[in-house]
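The structure appears right after this line, and notes come after that.
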Number of protein chains: 2
Amino acid sequence: MRMGEGVEWGLHCCLTLAWLGDDRPVPTARLATWFDLPPAYLAKRLQALVRAGVLASTPGARGGFSLGRPPERITLMDVVTAIEGTDDAFRCTEIRQRGEGGGGALAREFQRPCGVATAMRRAELAWRRELAGQTVADLMAAAPPGAADRTRRTYARMTG
Amino acid sequence: MRMGEGVEWGLHCCLTLAWLGDDRPVPTARLATWFDLPPAYLAKRLQALVRAGVLASTPGARGGFSLGRPPERITLMDVVTAIEGTDDAFRCTEIRQRGEGGGGALAREFQRPCGVATAMRRAELAWRRELAGQTVADLMAAAPPGAADRTRRTYARMTG
DNA sequence: GATGTCTTACTCGGATAGCCGGTGTCCGAGTATGGGCGG
DNA sequence: CCGCCCATACTCGGACACCGGCTATCCGAGTAAGACATC
């Protein structure tokens with residue numbers, strides 16, 4: 001079970017955009033060179049974040065991406081679901097009903113949800129709850145002091 | 001992010017073996033027809049559970065698979081890690097160090113773990129803790145009454 | 001009847017192929033900025 | 001000086017190729033139980 005790289009990209013991009021503030025949008029190419037990522041593929045992931053409302057995109061010249069909400073209202077769950085989708089990692093295919101093992105059971109029992117799926121879902125809910133409890137602002141607060149200044153300085157040197 | 005089907009298979013197989021008790025091992029082919037699964041591929045997953053000590057395999061005639069431990073000591077975490085591996089779903093590739101964005105930071109900062117990775121890891125630990133807190137015995141207790149008897153009867157009719 | 005051997009049934013492990021989704025790239029369409037041109 | 005038009009820069013969305021991992025299958029080797037033959 002592996003999560004796509006896009007989640008790491010998206011989180012770091014959100015964090016960087018939060019450091020810079022949204023005085024000016026940041027184009028895809030700049031974020032790509034910032035983290036040394038393939039520009040076209042990164043753009044696909046950022047567009048997914050826009051569709052979820054996490055980021056906002058301003059088209060045209062001097063355009064680019066900026067935060068769609070203040071950092072306190074962007075949870076890690078928002079970023080993960082925007083990029084990875086809303087499906088659970090564990091998907092119950094109802095194998096309990098298939099084959100000869102399922103033939104012996106009454107149809108009434110299958111109206112109740114599968115116990116295995118319920119147990120797995122409980123664990124995923126704990127995961128989601130933890131992700132929903134942390135925001136981009138929390139990431140900023142946990143970063144070492146001076147990170148905001150250094151980010152802005154480095155960005156100014158790049159764009160200058 | 002999707003989890004392999006093998007986890008669902010393994011959990012249901014463990015549950016079925018727990019219902020039947022370990023008076024006699026169950027061969028792969030019987031479990032495959034029980035759930036209507038491809039026998040050779042199912043065998044691969046069961047072998048992974050054997051390597052983890054969750055199941056025990058008895059070779060030779062009248063051989064098959066049985067539980068390696070009592071159901072109270074088999075957690076869902078054991079089954080998941082045996083089949084899916086021990087790697088975290090989120091893997092930090094340290095993109096914070098790459099590109100021009102990382103160039104401006106001091107090398108000393110990178111000795112501290114990445115804040116994004118730490119946050120994601122916290123959520124995965126909650127997931128793992130929840131999985132480790134539920135055992136196969138708990139699944140048996142949560143099942144509707146009479147499931148054990150029906151499983152044994154259906155199995156006896158199959159093998160008879 | 002006891003012992004050794006043979007057949008059978010099953011697991012084990014590796015090799016191999018197909019397939020799906022994530023990864024990565026490219027191109028055309030749409031849009032806003034800024035400069036240039038004409039009135 | 002004002003207004004219109006165009007070039008530019010960027011996003012958006014889709015189409016396409018590539019690759020790794022999951023899915024799936026097959027086969028030979030090893031092992032234990034039961035049947036059989038032999039003494």
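Just so it is clear, the values below take in all heavy atoms, side chains as well, and ignore hydrogens, waters and symmetry mates. In the text below, chain A, chain B and the rest are named by the order of the sequence lines, each starting its count at 1. All values reported here derive from a predicted model rather than from experimental measurement.
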Taking only nitrogen or oxygen atoms into account, show me every contact under 3.5 Å that the protein makes with nucleotides 18-24 of chain C, one pair per line with its distance.
| unit_1 | atom_1 | unit_2 | atom_2 | d |
| --- | --- | --- | --- | --- |
| C/dT23 | OP1 | A/E5 | N | 3.0 |
| C/dT23 | OP2 | A/Y41 | OH | 3.0 |
| C/dT23 | OP2 | A/R45 | NH1 | 3.3 |
| C/dT23 | O5' | A/Y41 | OH | 3.3 |

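- With sequence neighbours excluded, the residues that form a salt bridge (Lys or Arg N to Asp or Glu O under 4.0 Å) with B/R152 are B/D149.
- For residues 57-72 of chain A, every residue pair satisfying the salt bridge (Lys or Arg N to Asp or Glu O under 4.0 Å) rule, not counting sequence neighbours, is listed here: A/R69-A/D78.
- Here the P atom of nucleotide D/dC22 and the CG atom of B/L37 are 18 Å apart, to the nearest Å.
- The salt bridge (Lys or Arg N to Asp or Glu O under 4.0 Å) test applied to B/R153 returns no partner, not counting sequence neighbours.
- In this entry the distance linking CG of A/L46 with C1' of D/dC10 reads 13 Å, nearest Å.
- Look at A/D87 and B/R2 and you find no salt bridge, because none of the NZ, NE, NH1 or NH2 atoms lies under 4.0 Å from a carboxylate O.
- Residues satisfying the side chain to side chain donor-acceptor pair (under 3.5 Å) test with A/T135, not counting sequence neighbours, are A/D138.
- For D/dT11, the OP1/OP2 oxygens have a side-chain nitrogen or oxygen of A/T28 closer than 4.0 Å.
- At whole-Å resolution of the value, CD in A/Q47 and P in D/dC10 are 15 Å apart.
- At a non-hydrogen distance threshold of 4.0 Å, B/P59, B/G60, B/A61 from residues 58-71 of chain B come into contact with DNA chain D.
- Applying the salt bridge (Lys or Arg N to Asp or Glu O under 4.0 Å) rule to B/R91 yields no partners; only residues at least two apart in sequence or on another chain are considered.
- Listed by first and then second residue, the side-chain hydrogen bond (donor to acceptor under 3.5 Å, both in side chains) pairs involving residues 8-18 of chain B are A/T93-B/E8 (not counting sequence neighbours).
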Fill in: Bracket string, DNA chain C, 5' to 3' - pairs by Watson-Crick or G-U geometry under 3.5 Å, | interstrand
|||||||||||||||||||||||||||||||||||||||
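- If you take CZ of A/R24 and P of D/dA9, they are 16 Å apart, rounded to a whole angstrom.
- Note: CZ (A/R91) to P (D/dC22) measures 13 Å, nearest angstrom.
- Listed by chain and number, the residues in a salt bridge (Lys or Arg N to Asp or Glu O under 4.0 Å) with A/R30 amount to none (sequence neighbours excluded).
- The stretch residues 41-51 of chain A participates, sequence neighbours left out, in these side-chain hydrogen bond (donor to acceptor under 3.5 Å, both in side chains) pairs: A/Y41-A/R45.
- B/R24 CZ to B/T58 OG1: the interatomic distance, rounded to the nearest 0.5 Å, is 12.0 Å.
- Residue pairs meeting the ring pair (Phe, Tyr, Trp, His ring centres under 6.0 Å) criterion with at least one member in residues 49-96 of chain B: none, sequence neighbours excluded.
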